[in-house]
There are 2 protein chains.
Amino acid sequence: MDYRTIFIDYLQKRGLRLTRVRSIILEAVFTTHSHFDADELYDLVRHKDVSRATIYRTLPFLVDSKLVKKSMFGLNKEKYEHIYGHPNHFHIICTKCGRVIEQIDKGIECSIIRLAENSGFEYKDYNLRISGICSLCNNNE
Amino acid sequence: MDYRTIFIDYLQKRGLRLTRVRSIILEAVFTTHSHFDADELYDLVRHKDVSRATIYRTLPFLVDSKLVKKSMFGLNKEKYEHIYGHPNHFHIICTKCGRVIEQIDKGIECSIIRLAENSGFEYKDYNLRISGICSLCNNNE
DNA sequence: ATGGTTGCAAAGGCTTTGCAAACAT
DNA sequence: ATGTTTGCAAAGCCTTTGCAACCAT
């Protein structure tokens, strides 16, 4: 299923509308291949007369519809990434240069889910961030 | 080794001083058993004439000296916890009631470290947050 | 016509910072 | 005496919100 369909469904179920502006934001989010914050997203669409306020008002809908996820690198600003069509993954971040790489590991993922359930939780999601120093930075010493 | 010693060493190496106010903050941090944000820490020490500004100025030293860690629940404010003397652990958070439980799993931890190294990173730290619904919330439906 | 949506500018919340007084060595 | 530290208030940054105009159905 297409991300547009999902978003329209999401909106309609709540009596909300797919407007020109929301479409622009949606497309921008799925065009970007990297992580972004509200301001970076704004930069992508400001030339189409989209305001910052609407960015901030739209982002929660995208998150709520599970198309986008808050990707907590928790440094300062909120960071987002589109996740629809992408398997759950985690981030390894270089604390020197800030480079972020993504990784998938089903083994770790299974352990995480099992552990949540053993702790009496109904598993929903996980966020894993690993910090380290990347090979480039380590060689440039 | 005592956390006070560590902090004093940290400060001295940088030409900084252990003042009355910094002591108060340090003790408050290690008296609290839960996670806290800057404002909650301020509430613990404000009656001893410690200002918010100094809280914000001291927290980075505590983090830098590895006594305290930013514990990204990344909801809005920065959250901290003292980690000296505690093994690395992760958090399972109930998305309904906000309850946070801590867990340790050496198996997952080893996998994480191995994975970072296989990706060419010198491993430093990890942050794992699992979201779910706790048994209490699931039974109250 | 009705009710959702938008941009703007103002307000809000958390954090940082300039400054002069106070402090530690 | 010297350089660090503090509280205060102001400023800063990111995000949210009230409002009147606008748009979709």
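Note that these values count all heavy atoms, side chains included, but never hydrogens, waters or copies made by symmetry. Letters A, B, ... are given to chains in the order of the sequence lines, protein chains preceding strands, and every chain is numbered from 1.
Looking at every heavy atom in both residues, T95(B) comes nearest to S131(B) through CG2-CB, 3.8 Å.
Listed nucleotides: dG7(C), dC14(D), dG18(C). Nearest to the side chain of Y56(A): dC14(D). Relative to the side chain of V50(A), the nucleotides dT6(C), dG7(C), dT15(C) differ in distance, and dG7(C) lies closest. Proximity note for T19(A) (side chain, C-beta onward) versus dT5(C), dT17(C), dT15(D): the nearest is dT5(C). Picking from dG7(C), dC8(D), dT15(C) the nucleotide with the shortest atom distance to the side chain of S51(B) gives dC8(D). If you check dG4(C), dG3(D), dT6(D) against the side chain of L16(A), the one that comes closest is dG4(C). Of the candidates dC23(C), dT5(C), dG18(C), the closest approach to any side-chain atom of R57(B) belongs to dG18(C). Side-chain proximity of R52(B) to the nucleotides dT5(C), dT15(C), dG3(D) is greatest for dT15(C).
Between A38(A) and Y42(B), the residue anchored closer to the 5' end of DNA chain D is Y42(B), taking for each the nucleotide with the nearest heavy atom. For A53(B) and R20(B), each mapped to the nucleotide of DNA chain C holding its nearest heavy atom, the one lying further toward the 5' end belongs to A53(B).
For the pair R17(B) and dG3(D), the criterion of a side-chain N or O lying under 4.0 Å from OP1 or OP2 is not met.
Nucleic acid contact for D49(A): sugar-phosphate only, since backbone atoms but no base atoms lie under 4.0 Å from a heavy atom of the residue. Across all strands, L18(B) comes closer than 4.0 Å to no nucleic acid atom at all (heavy-atom distances).
The cationic group of R57(A) does not satisfy the cation-pi geometry with F61(A), failing either the under 6.0 Å distance to the six-membered ring centre or the 45° limit from the ring axis.
Residues E109(A) and K106(A) are paired through a salt bridge, judged by an N-O separation under 4.0 Å between the basic side chain and the carboxylate. The pair E40(B)-K79(B) meets the salt-bridge criterion, with a side-chain N (NZ, NE, NH1 or NH2) lying under 4.0 Å from an Asp/Glu carboxylate O.
The NZ-P distance, from K48(A) to dG7(C), rounds to 14 Å in whole Å. Spacing between atom NE2 of H47(A) and atom P of dG7(C) amounts to 14 Å, rounded to whole angstrom units. A straight line from CG of D37(B) to P of dG13(C) spans 14 Å, rounded to a whole angstrom. The NZ atom of K79(B) sits 16 Å away from the C1' atom of dT15(C) (whole-angstrom rounding). What separates CD1 of I24(A) from C1' of dT5(C) is a distance of 13 Å, to the nearest Å. Rounded to whole angstrom, the span from the CD1 atom of I55(B) across to the P atom of dT17(C) amounts to 17 Å. Put simply, CG on L59(B) is 16 Å from C1' on dT6(D), counting in whole angstrom units. dC14(D) atom C1' lies 16 Å from atom CZ of F36(A), rounded to whole Å.
Looking at Y84(A), its side chain does come within 3.5 Å of a backbone N or O of M1(A) through a donor-acceptor pair.
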